[in-house]
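One structure below.
Just so you know, these numbers use all the heavy atoms, side chains as well, and skip hydrogens, waters and symmetry mates.
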Amino acid sequence: MHLLVRAAERGVRIVALDAAGREGGASDHADLADAVRTWEAEAPRWVWDDTARRYPAVLAAGLRVARCVDLRLSRAILRSSAHTRTSELAASPADAWDSPRAESAGDGAALFDVLPPDPDPGEEFRRQRAAVAAAGEAAPRLELLLAAESAGALAAAEMRHTGLPWRADLHRALLAAALGERPAPGERPRRMAEHAGAVRRALDAPDLNPDSPPELLRALTRAGVDARSTRSSELRRLTHPVIAPLLEYKGLARLFSANGWHWLDQNVRDGRFRPDFVPGGVVTGRWASAGGGGALQLPRAVRSAVVADPGWKLVVADAAQLEPRVLAALADDAAMTRAGASGDLYAGIVASGAVDSREHAKVAMLAAMYGATSGKAGRLLPRLSRAFPRAMAVVEDAARAGERGETVTTRLGRSSPPGDAPAYDETADQDRVRARARARGRFTRNFVVQGTAAEWALSWMAIARTRLHETASGVPLAEAAHLVFFVHDELVVHAPEHAATAAADLLRRSAAEAGKLLFGAAPSDFPVAVAVVDAYSDAK
DNA sequence: TATTTAAGCGCC
DNA sequence: AAAGGGCGCTTAAATA
């Protein structure tokens, strides 16, 4: 059963929909939470405009929903999918449904005053159903993709609602140990100031601001250091007394500015970090994050502050070598699948005889998926092509398509955006035209792998979320095992100690199910490394 | 002065 | 001969 959520003069009107979107009976409610309280037991699929906008209020009321259709996210997929190219939806001009997500509710009513009037979600749902229905044999996969995308949006809102356990006291202690005491505003912490002093002395540049790359580069050159940039990776290869203190300084400066006291003040409240995930925020289907939290870039250096509550555990699950395994499954490449069957795909590639070291296997696979062709990686590629022709054909075909200006499409039906037309002044320059085409090819090459891996991860998350909710039906979200974090190929569950092992099993089973959902009963497997720990930093 | 761009670095 | 994907954030520099 689908239940459409439509704004009413007072509160919301809930309308029953059939599979094609035809409207049936309706009921009025004071607000969405009240509607959920009334209807969720019927196990509906809620149809609403924007999960990020509607769902937080439901969660705030202590409720949750099992399933939804996020019309905004679904629109984005159907707008550009090759499978719905001829639909009315794809042909229509951009409208409010193509807008980025709304600010989440609770940030003040004034925000909504400037939003355009809500377009009718019932009409949009019917347009979307028609587009999917016309997609022929691709329709079931598109259905899966829309369901997974929408489930991800629910999970994102729930993870923000419950938050990731964060021990501010431990975080402060690690900052003090690394940087010294918290400085006054505008000052450098003691340890940073010391290293800055050492850098200035080594370069004989008493006024140098080491935070300024051009200034630093000039000072390095003056001191006879042959550096083309001030990147740490480049500096590391050089020998000079300034290098050690400079690298120390850079490391501390990064910690101070990105995840120091200010970050803590802004992002951790009541023992929780509430990440602002943005489902579908990346064209490939990966999530993005917003705001200063940097949820998808939590550095390892601060993960020791992520600690389970007393009596609870963190269950950290990481999909091992996800992208090459996805490629093997996507290409139905039996040889590559066999190489992955042992658990270590790169070791399996060595065992197949294609290359002679694990390191070579890894470099070559990354080159195949990203499009590097130079150096060592480039020389290894022909050997991969001989050993795994089907897998390599998938990425090569995707690259050629991108170079020809075509789009490519993931397993479930997300298509790459069309390329920008080259600027006028570029069309005359054949080298530039070719360089653009190659860059486009690298993008489309990676798109099919990264995008399909994102679909696998979304499915994994959706299945795990459903199973977790099933085992804790009727219990408030935060009182039973629940998802707290996601990073592309990694899921973290916060679970009562007694439920941690079961959660670990659940995450493994969900991964296997996700593989079958995307690729059928193919022999590919998607092993996950699971660790039951107190601190996030103790996993791997 | 306010906003945009670039460099650098973190994550996958 | 060379040719490495996707992000977000902070600071400094450049531009309006």
Nucleotide [N], atom [atom2] - distance to [atom1] of [X] in whole Å:
{"X": "A/Phe277", "N": "B/dC11", "atom1": "CZ", "atom2": "P", "answer": "16 Å"}
{"X": "A/Asn267", "N": "C/dG8", "atom1": "CG", "atom2": "C1'", "answer": "13 Å"}
{"X": "A/Trp287", "N": "C/dC7", "atom1": "CH2", "atom2": "P", "answer": "17 Å"}
{"X": "A/Gln297", "N": "B/dC12", "atom1": "CD", "atom2": "C1'", "answer": "9 Å"}
{"X": "A/Asn446", "N": "B/dC12", "atom1": "CG", "atom2": "P", "answer": "16 Å"}
{"X": "A/Leu491", "N": "B/dC12", "atom1": "CG", "atom2": "P", "answer": "14 Å"}
{"X": "A/Leu296", "N": "C/dG8", "atom1": "CG", "atom2": "P", "answer": "9 Å"}
{"X": "A/His262", "N": "C/dT10", "atom1": "NE2", "atom2": "P", "answer": "8 Å"}

Select one nucleotide: of [options], the one nearest the side-chain heavy atoms of [X].
{"X": "A/Val282", "options": "C/dT11, C/dC7, C/dG8", "result": "C/dC7"}
{"X": "A/Arg303", "options": "C/dC7, C/dA13, B/dC11", "result": "B/dC11"}
{"X": "A/Glu215", "options": "B/dC12, C/dG8, C/dA13", "result": "C/dA13"}
{"X": "A/Asp489", "options": "C/dG6, B/dC11, B/dC12", "result": "B/dC12"}

Query raised in the report: Has A/Tyr370 got its ring stacked on the base of C/dG4, with centres under 5.5 Å and planes less than 30° apart?
Result: no
Closer than 4.0 Å, any side-chain N/O of [X] to the OP1 or OP2 of [N]?
{"X": "A/Arg300", "N": "B/dC12", "value": "yes"}
{"X": "A/Asn259", "N": "B/dG10", "value": "no"}
{"X": "A/Lys250", "N": "B/dC9", "value": "yes"}
{"X": "A/Arg442", "N": "C/dG4", "value": "no"}
{"X": "A/Thr284", "N": "C/dG6", "value": "no"}
{"X": "A/Ser232", "N": "B/dG8", "value": "no"}

Over all strands shown, is [X] touching base, sugar-phosphate only, or nothing at heavy-atom distances under 4.0 angstrom?
{"X": "A/Ala301", "result": "nothing"}
{"X": "A/Arg434", "result": "nothing"}
{"X": "A/Arg231", "result": "sugar-phosphate"}
{"X": "A/Ser233", "result": "nothing"}
{"X": "A/Leu298", "result": "sugar-phosphate"}

Check the surroundings of atom [atom1] in [X]: do more than 12 heavy atoms from other residues, nucleotides or ligands lie under 6.0 Å from it?
{"X": "A/Arg231", "atom1": "CZ", "result": "no"}
{"X": "A/Asp265", "atom1": "CG", "result": "yes"}
{"X": "A/Asp204", "atom1": "CG", "result": "no"}

Query - Atom pair CZ/CG of A/Arg411 and A/Leu145 - distance to nearest 0.5 Å - result: 12.5 Å
Query raised in the report: Can you find a donor-acceptor N/O pair under 3.5 angstrom joining the side chain of A/Arg286 to the base of C/dC7?
Result: no
Report task. Determine yes or no for a side-chain-to-main-chain donor-acceptor pair under 3.5 angstrom, with A/Thr407 supplying the side chain and A/Ser416 the backbone. Result -> no
Query - Pairing of A/Arg325 and A/Asp333 as salt bridge, 4.0 angstrom limit - result: no
